[in-house]
Protein chains: 2
Amino acid sequence: MPDTNKTKKRGALATKRRILLSAKKAFAKKGLGGARIDKIADSAKANKRMIYHYFGNKTDLFLKVLEDAYTDIRYAEQQLDLDSLPAKEALDKLVCFTWNYYLANPEFITLVNSENLHQARHLKQSKIIDDISQKFVLMVERLLKRGVAEGVFRTGIDPIQLNITIAAIGYYYLTNRYTGSIVYKKDLGTEEAYEERLEFNLTTIRRLVHK
Amino acid sequence: MPDTNKTKKRGALATKRRILLSAKKAFAKKGLGGARIDKIADSAKANKRMIYHYFGNKTDLFLKVLEDAYTDIRYAEQQLDLDSLPAKEALDKLVCFTWNYYLANPEFITLVNSENLHQARHLKQSKIIDDISQKFVLMVERLLKRGVAEGVFRTGIDPIQLNITIAAIGYYYLTNRYTGSIVYKKDLGTEEAYEERLEFNLTTIRRLVHK
DNA sequence: TATGTAAATAACTAGATAGTGCATTGGAGG
DNA sequence: CCTCCAATGCACTATCTAGTTATTTACATA
């Protein structure tokens with residue numbers, strides 16, 4: 001019988017998954033440089049040797065974690081099915097989704113931050129990122145065109161700049177809420193503060209595209 | 001003759017300055033965890049011992065670098081003299097200034113990023129941040145009120161949310177331009193790309209406050 | 001010129017840290 | 001039951017790192 005590849009001799013796949021999950025947490029919390037291989041192995045209830053066995057080295061492990069993070073968010077975006085909604089509602093939905101995704105998956109933000117600190121050195125080598133990104137950009141492009149056709153969006157909006165802006169107003173708030181809470185002398189990390197911010201972001205984007 | 005405290009026996013003040021400058025570069029490039037005390041000492045053309053002599057330890061040095069970075073930007077903002085301009089022009093000026101400051105002082109961004117990764121643990125202990133931040137928040141508050149009085153801004157805009165948004169749309173673009181260039185298959189780091197982004201940001205904020 | 005003191009240096013320590021060589025184990029196929 | 005190999009475990013290394021101890025050097029003042 002050939003190997004089913006579902007579970008090898010001794011839970012190989014499960015071990016791999018545990019390592020990836022622990023690595024994601026560690027890299028998100030401490031960055032590539034700050035995360036420790038020994039601690040990742042421990043918290044994955046695996047042996048350090050397995051990390052090198054399955055992933056080669058620390059930076060390869062980091063790349064894999066990063067690729068998975070991008071794959072996950074891009075997949076979730078595709079499930080939004082924006083094409084079946086009126087443009088205005090679709091855009092609102094995208095803004096809400098982006099915000100809620102960041103909130104529910106804080107590792108995504110800090111992983112991306114860490115990679116940008118390294119000037120995307122690892123992601124540049126990735127062979128899967130191009131594919132999954134393209135669909136996402138096209139989706140927003142279609143949405144903008146449709147909004148113009150429906151007569152609710154103005155013309156001439158660059159989809160890339162819009163995408164970046166939607167990400168920025170959520171992402172920045174969440175990454176910088178710690179220093180922000182000190183500078184503005186207000187706890188930006190409460191449930192009410194989050195709701196207030198989402199409302200403000202919806203206004204910002206609606207006004208940006210409005211005719 | 002008592003010590004003038006300008007330059008002690010052997011360039012103490014100059015050594016301190018060189019250490020701070022090197023530390024700023026190192027922390028900005030690698031983060032608190034990634035920066036190396038030995039390398040900071042070397043590139044400051046100082047001895048490692050001097051770092052401990054003048055700054056105590058690594059985290060204290062980091063806090064000092066961070067405090068200086070905040071002091072610098074808040075000081076520069078005060079020089080804008082927004083109160084003497086019509087509200088609309090003043091707001092444009094603030095958006096441009098923020099963008100150009102980030103562009104000209106990339107260390108500021110990465111230092112703040114690093115501190116947020118640590119949940120502002122160090123800045124919380126700072127005794128000077130509160131003071132310098134307050135003036136800044138009040139400045140934007142006055143600007144918004146004046147814009148309403150002049151009849152050019154709508155009412156009910158939260159100055160904190162506006163501040164955060166102005167920072168976000170510049171800051172996020174610049175920190176994430178590396179992964180962004182891959183995702184959007186477009187070099188976001190060119191001079192033209194920067195000009196395009198600033199233009200877009202001005203539009204975003206103008207539309208956000210517009211009556 | 002002598003002297004006290006701050007500035008600077010070098011060598012060291014104790015503990016981490018990424019990565020490896022090699023032995024062991026356990027389960028699937030024969 | 002046996003055999004084989006992927007999965008696992010353990011101990012080791014070479015290097016690095018924050019922080020320290022002990023010492024020397026240079027200058028301002030008397």
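Every chain is numbered from 1 and lettered A, B, ... according to where its sequence line falls, protein lines coming before strand lines.
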Report task. Please identify each residue that fulfils salt bridge (charged side-chain N to carboxylate O under 4.0 Å, His left out) with B:Asp158, with sequence neighbours left out. Result -> none
Report task. With a 4.0 Å heavy-atom cut-off, tell me which residues in residues 26-43 of chain B come close to DNA chain C, sorted by residue number. Result -> none
Query raised in the report: Under the side-chain hydrogen bond (donor to acceptor under 3.5 Å, both in side chains) test, which residues partner A:Thr165, sequence neighbours left out?
Result: B:Arg197
**Report entry** Contacting residues from residues 44-53 of chain B, given that a heavy atom lies under 4.0 angstrom of DNA chain D
**Finding:** B:Lys48, B:Arg49, B:Tyr52
Query raised in the report: B:Phe108: what forms a ring-ring contact (aromatic ring centres under 6.0 Å, His included) with it, not counting sequence neighbours?
Result: B:Tyr70
Query raised in the report: What is the distance from CG of A:Asp60 to C1' of C:dA18, rounded to the nearest Å?
Result: 13 Å
Requested in this report: If a pair satisfies side chain to side chain donor-acceptor pair (under 3.5 Å) and one of its residues is in residues 128-140 of chain A, list it, with sequence neighbours excluded.
Outcome: A:Gln134-B:Lys185
Requested in this report: May I have the distance from A:Asn57 (atom CG) to C:dA18 (atom C1'), rounded to whole angstrom?
Outcome: 10 Å
Query raised in the report: Once Watson-Crick and G-U wobble pairs under 3.5 Å are found, how is DNA chain D written in dot-bracket notation, 5' to 3', with | for any base paired to another strand?
Result: ||||||||||||||||||||||||||||||
Report task. Answer with yes or no after comparing the ring centroid distance for A:Tyr172 and B:Tyr172 against a 6.0 Å cut-off, counting only values under it. Result -> no
Report task. Identify, with sequence neighbours excluded, every residue that meets salt bridge (charged side-chain N to carboxylate O under 4.0 Å, His left out) alongside B:Arg17. Result -> none
Query - Strand-adjacent residues in residues 62-69 of chain A, judged by heavy atoms under 4.0 Å from DNA chain C - result: none
**Report entry** Shortest non-hydrogen contact from A:Phe27 toward A:Val65
**Finding:** CD1-CG2, 4.2 Å
Query raised in the report: Per the side-chain hydrogen bond (donor to acceptor under 3.5 Å, both in side chains) rule, which among A:Thr179, A:Thr110, A:Asn113 passes with B:Asn116?
Result: A:Thr179
Report task. Only pairs at least two apart or in different chains count here, so list each side chain to side chain donor-acceptor pair (under 3.5 Å) that has a residue in residues 94-109 of chain B. Result -> none
Report summary line: So the ring-ring contact (aromatic ring centres under 6.0 Å, His included) pairs with at least one residue in residues 174-207 of chain A (sequence neighbours excluded) are none
**Report entry** Any side-chain donor near an acceptor of the partner, A:Asp81 and A:Ser84, under 3.5 Å
**Finding:** yes
List the atom pairs, donor and acceptor, that lie under 3.5 Å between side-chain atoms in residues 89-96 of chain B and the rest of the protein, sequence neighbours left out.
residue : atom : partner  : partner atom : Å
B:Asp92 : OD1  : B:Arg206 : NE           : 3.2
B:Asp92 : OD2  : B:Arg206 : NE           : 3.2
B:Asp92 : OD2  : B:Arg206 : NH2          : 2.8
B:Lys93 : NZ   : B:Leu80  : O            : 3.0

Query raised in the report: Roughly, in whole Å, what's the span from NZ in A:Lys16 to C1' in D:dT8?
Result: 16 Å
Query - Phosphate OP1/OP2 of D:dT8: any A:Thr15 side-chain N/O under 4.0 Å - result: yes
**Report entry** Test item: side-chain donor near acceptor, B:Ser126 and B:Glu67, under 3.5 Å
**Finding:** yes
